[in-house]
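Take a look at this one; I'll ask things after.
In what follows, every chain begins at residue 1, and chains take the letters A, B, ... in the order their sequences are listed. Owing to the predicted nature of the structure, the values given are computational and were not obtained by experimental measurement.
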Amino acid sequence: MNTMRYDHRAVEAKWRQVWEERGYHEPDLDAAARPYYNLMMFPYPSAEGLHVGNVYAFTGADIHGRYKRMCGYDVFEPMGFDAFGIHSENYAIKIGDHPRTLIRRNVRNFRENQLKRIGARFDWAHQVNTTEPEYYRWTQWVFIRMFEQGLAYRKKAAVNWCPSCMTVLADEQVIADRCERCDALVTQRELDQWFFRITDYAERLHQNLDTIDWSEITKTAQRNWINRSEGALLRFQIDGRDDYLEVFTTRPDTIFGATYMVMAPEHPLVDELTASDRRDEVAAYRAQVRETTQEERVAEDRPKTGVDIGAHCVNPATGERIPIWIADYVLWGYGTGAIMAVPAHDERDFAFATTFGLPIREVISPDGESHELEAAYIGPGVMINSPPFDGTPSAEGMSKVTQHLAERGLGEPHIEYRLRDWCISRQRYWGPPIPMIHCKQCGPVPVPEEQLPVLLPDLENFAPDDSGRPPLARAEEWVNVPCPQCGAPARRDADVSDNFLCSAFYFLRYPSVGMDHVAWDPERTRRWLPVDMYIGGNEHACLHLMYTRFLTMALYDAGLVPFEEPFRKFRAHGLLAKDGAKMSKSKGNVVNPDELLDSMGADTLRLYLMFCGPFQQGGDWRDEGIAGMRRFVERLFNLVMEGEIVDTPVEGDLERVMHAAIRKVGEDLDGLRYNTAIAATMELSNAIRDSGVAQREAVETLLKLVAPLAPFVTEELWHALGHEGTIHDGPWPEYDPAKLVADTVDIPIQVKGKLRGTVTVPTGASEQEVLEAARSIPAVATQLEGKEIRKVIFLPGKLMNIVV
RNA sequence: GCCGAAGUGGCGGAAUCGGCAGACGCGGCGGACUCAAAAUCCGUUGAGGGCAACCUCGUGUGGGUUCAAGUCCCACCUUCGGCACCA
């Protein structure tokens, strides 16, 4: 063995202890001068332990925090546990344990054996655990605030029911009609549930996206989910009645082509409007639709079905009587649950009209002429067959038609959103009880604040059943309480709330952890919030991140927080794959972080994870690659520990490379481009090696550049070089732009755009000088022989292109 | 179907503004050290051709703009992610 072996175990243990004892990772929350709140999505402490995907995300976020610290900020980087939920409840049932014991064990394992080893600067004095009463008391407090603001309401509605999880799901938890957790086909059930009025905030949630500094990919997903669409509400008088059938359309300009109407089968007016001779047929169709699973209903290329109910509307534009149908391609729950069908200009209406032989009338024409339509024309054009609007461009027609109808009280402009209210109730055990009491006289009454938290009772049997009746309803002595308002016998709400409520405000709680009189201290909140940087996975774009923005806005409106957007910056990290494929237990291609922390050490693991690809795009893990990173760490170690450190000034090429590295690494860390930052530190390391000596200035600069990426070994070496304190408090090295310029420069010479050689000339050489030098290159001379130079493109210091 | 991201050596991936394609690393090959191997260090490594100086080709495909295109424009193919009968 000719080199000293770097003992990562001893070094990591030593510095972990020193950092903890000296409180390096605990900023003064009441007095910090340059507060920087560096947040990452807290994990779910599963029994399997920390996933390498978590390590990937946390490392990327931690590097950002460490870099900011070295740049002079007081960085607050808390960590916690999102530990309520079906996952651990199911697991507890499976192994016959109680979720509370299970979670305490898992949290301990996560924190002590895993999170504390990855080298992150977590402030453990401010940990949260959503399942502890001191936390969920505030979850309940938040619920009551929402109730007081009129943003929590109860409604009996068809909700998504997962027959396997035996609970309801929010719309956001249903992916292509399947439960996002267990993949079971979701059915619909009529249940009384609590909802939060997120739809009241649809416009703000949409509008603010233009003003916040978030990953574009995340904003796009949110825009998509909110699905704002501008159009009009139009009223069609029902033939023979005084009332109207209201529809939402984004194409009021096509109203002259509305040749029939379609209502959703679930529409309540269907009963009233159906002609007596159609009742049997309508009832049969509605029954059939009820039986149809959502999956079948949206299956591709499914032929259109529907029934003419024998009633008519008057088209307010043409005065025609047009038939009303019901069909399952019109959804109850979007818009008004009824549409005006314009087969000429809507693909779905076209398919339906073709199937049932309904008239198709062209009213928008790209060229102003009439055509035989083979398919719906959905593009722009001019209005035809639409007196008195003929010739009007369709874009203009939209507002003109709406205005025309509005004048007669038959419509108005309207913006519709796809976003629907957030269903909060869950018929499960392992969650925060909903702090409400149902009284026959007073209705739903909040639990008085001094009685919070409503403790989750210990149940022997907490398994759910298919009745829709929650497990807590079985705890009779817990459920039966007097009404806080009138004292009459009443019952607690026995549902628990959606876990996403727990995680929708945890970032507000972190700075105030330990204060049991207040959810979040106003002074600390003002100092530390909104969050400066939030890093997490984009899979939460429509769930956690949307709910959190909504809740923050609602709290802002209630005067409870002084800002309406919770996160100044959000960056979505990519996914870590392995050998080109997504990691999954079933494929058996998961990377075990514990083993690697043991065998390679935290620094090597951190560096290699970040080296696998651009952090915001994800990376591809290869087992063979990590050895190279370990070699890099050992080279750093040997650079300091093996040779002699020389105090001569750094000059010449090495000085230039060093300043270039300072610039490059700083810029890359700023942009979360950790893979190229690491490459740049390797280049500097290679340049020091090639220089033949280890000069103090160069070595110390290198250590500082590597410090946020590999905190342990750099701290060790920093002290080995005789320093006190910690390398991690900075300052970050500065570069001198003047030092980036070399005395001579290599200029590529192209002939007709093709590279033929390179000349080395003094920096600032003129076009003439470069051209002279270029002629002396054999390859260039050959190319120029017997030809006339037509033009010379010269970029001083960069390139010359000779055109012949 | 719509929206978004991306296609570059054997592999992961680099390449501010249109200006030397392949940084950095893995793997491979050759060498040093060693009895030998491992480890380490040094050299080399896009493909094809040539004794050589050099030449030709090359960033998913086909066109185009330009002195110059991985980068810009048009058309298309493939992969991944999101939404999806949302009127």
Subject >> 5' precedence on RNA chain B between A/Phe248 and A/Ala679 (nearest-nucleotide basis) >> reply: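 The residue mapped nearer the 5' terminus is A/Ala679.
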**OP:** Measure across A/Gly379 and A/Ile364 and return the closest heavy-atom pair with its distance rounded to 0.1 Å.
**Re:** O-CG2, 4.1 Å
Original post:
Around A/Leu373, counting heavy atoms of other residues, nucleotides and ligands shown, do more than 12 lie under 6.0 Å from its CG?
Top reply: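 Result for CG/A/Leu373: enclosed.
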Original post:
Is there a donor in the side chain of A/Tyr417 and an acceptor in the side chain of A/Thr199, or the other way round, less than 3.5 Å apart?
Top reply: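 Checked: A/Tyr417/A/Thr199 side chains show no N/O donor-acceptor pair below 3.5 Å.
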Original post:
With a 4.0 Å cut-off on heavy atoms, is A/Arg420 in touch with a base, just the backbone sugar-phosphate, or nothing at all?
Top reply: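 Nothing, no heavy atom under 4.0 Å.
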Subject >> B/C33: pairing nucleotide in any strand, Watson-Crick or G-U under 3.5 angstrom >> reply: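 Its partner: none found.
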Subject >> 5'-most by nearest nucleotide on RNA chain B - A/Gly333 or A/Asn801 >> reply: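 Its nearest nucleotide lies further toward 5', so the answer is A/Asn801.
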Original post:
Using the C1' atom in both, what is the distance from B/G19 to B/C72, to the nearest Å?
Top reply: 14 Å
**OP:** Kindly point out which of B/A23, B/A87, B/C20 is positioned nearest to the side chain of A/Glu683?
**Re:** B/A23
Subject >> Proximity to the side chain of A/Gln750 - top-ranked nucleotide from B/A23, B/A87, B/G19 >> reply: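 Selected nucleotide: B/G19.
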Original post:
Across the strands shown, which category fits A/Ser229 at heavy-atom distances under 4.0 angstrom: base, sugar-phosphate, nothing?
Top reply: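 Sugar-phosphate: the residue A/Ser229, judged by heavy atoms under 4.0 Å, touches backbone atoms but no base.
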Original post:
Just by protein heavy atoms under 4.0 Å, how would nucleotides 1-17 of chain B read 5' to 3' in B, S and -?
Top reply: --S-------SBSS-B-
Original post:
Around atom CD of A/Glu667, are there more than 12 heavy atoms of other residues, nucleotides or ligands at under 6.0 Å?
Top reply: yes
Original post:
Does B/G13 pair with anything, Watson-Crick or G-U wobble, both distances under 3.5 Å, and if so, with which nucleotide?
Top reply: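 Paired with no nucleotide.
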Subject >> A/Arg228 vs B/C83: side-chain N/O to OP1/OP2 distance below 4.0 Å >> reply: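 A/Arg228 to B/C83 OP1/OP2: no side-chain N or O under 4.0 Å.
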Subject >> B/A39 phosphate, OP1 or OP2, under 4.0 Å from A/Arg631 side-chain N/O >> reply: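 It does not, given that no N or O in the side chain of A/Arg631 lies less than 4.0 Å from OP1 or OP2 of B/A39.
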Original post:
Which of these nucleotides, B/U56, B/A87, B/G25, is closest to any side-chain atom of A/Leu331?
Top reply: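 Closest nucleotide to the A/Leu331 side chain: B/A87.
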Original post:
So does A/Lys754 get a side-chain nitrogen or oxygen closer than 4.0 Å to the phosphate oxygens (OP1/OP2) of B/C57?
Top reply: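 Result: yes.
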Original post:
Counting side-chain heavy atoms from C-beta on, which of B/C20, B/C55, B/C24 comes nearest to A/Ala779?
Top reply: B/C55
Subject >> Under 3.5 Å on both distances, the Watson-Crick or G-U partner of B/G1 >> reply: B/C83
**OP:** Report which part of the nucleic acid A/Asn538 touches: base, sugar-phosphate, or nothing (heavy-atom distance under 4.0 Å, all strands).
**Re:** nothing
Subject >> Paired nucleotide for B/A38 [Watson-Crick or G-U wobble; both distances under 3.5 Å] >> reply: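 Across all strands, not a single nucleotide pairs with B/A38.
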**OP:** Using only heavy-atom distances, determine whether the side chains of A/His414 and A/Glu412 contain a donor-acceptor pair under 3.5 Å.
**Re:** no
Original post:
Relative to the ring of A/Tyr608, is the ring of A/Trp621 parallel (under 30°), tilted (30 to 60°) or perpendicular (over 60°)?
Top reply: perpendicular
**OP:** Examine B/G82: is either OP1 or OP2 under 4.0 Å from a nitrogen or oxygen in the side chain of A/Arg223? Give yes or no.
**Re:** no
**OP:** Please find out if less than 6.0 Å separates the ring center of A/His573 from that of A/Phe615.
**Re:** yes
Original post:
So is A/Lys304 actually on top of A/Phe356's ring, under 6.0 Å and inside 45° of the axis?
Top reply: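 So A/Lys304 doesn't make the cation-pi contact.
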Original post:
Among the nucleotides B/C20, B/A87, B/C55, which one has an atom lying closest to any side-chain atom of A/Val330?
Top reply: B/A87
Original post:
Is B/G9 in the syn or the anti form, by the rule that syn lies within 90° of 0?
Top reply: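 Syn, which is what one calls it when the glycosidic angle falls within 90° of 0.
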**OP:** Using both distances under 3.5 Å as the test, list the Watson-Crick or G-U wobble partner of B/C67, or none.
**Re:**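 WC or wobble partner is B/G19.
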Original post:
According to a strict under-4.0 Å criterion, is A/Arg418 in side-chain N/O contact with OP1 or OP2 of B/A84?
Top reply: yes
Original post:
What integer number of Å spans the P atoms of B/U79 and B/G28?
Top reply: 32 Å
Subject >> Between P of B/C20 and CE of A/Met800, the distance in whole Å >> reply: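 Answer to the nearest Å: 15 Å.
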Original post:
Less than 6.0 Å separating the ring centroids of A/Tyr244 and A/Phe236?
Top reply: no
Subject >> Under 3.5 Å on both distances, the Watson-Crick or G-U partner of B/G7 >> reply: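 Pairing partner, where one exists within any strand: B/C77.
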Subject >> Syn or anti conformation of B/C33, syn meaning chi within 90° of 0 >> reply: anti
Original post:
Which part of the nucleic acid, if any, lies within reach of A/Gly335 when heavy atoms closer than 4.0 Å are counted: base, sugar-phosphate only, or nothing?
Top reply: nothing
**OP:** Look at the side chain of A/Met682 and decide which nucleotide, out of B/G25, B/A87, B/C26, has an atom nearest to it.
**Re:**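 Taking heavy atoms from C-beta onward, the closest nucleotide is B/G25.
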Original post:
Checking all strands, does A/Asn227 fall into the base, sugar-phosphate, or nothing category for heavy-atom contacts under 4.0 angstrom?
Top reply: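 If one applies the 4.0 Å heavy-atom cut-off, A/Asn227 turns out to touch the sugar-phosphate alone, with no base involved.
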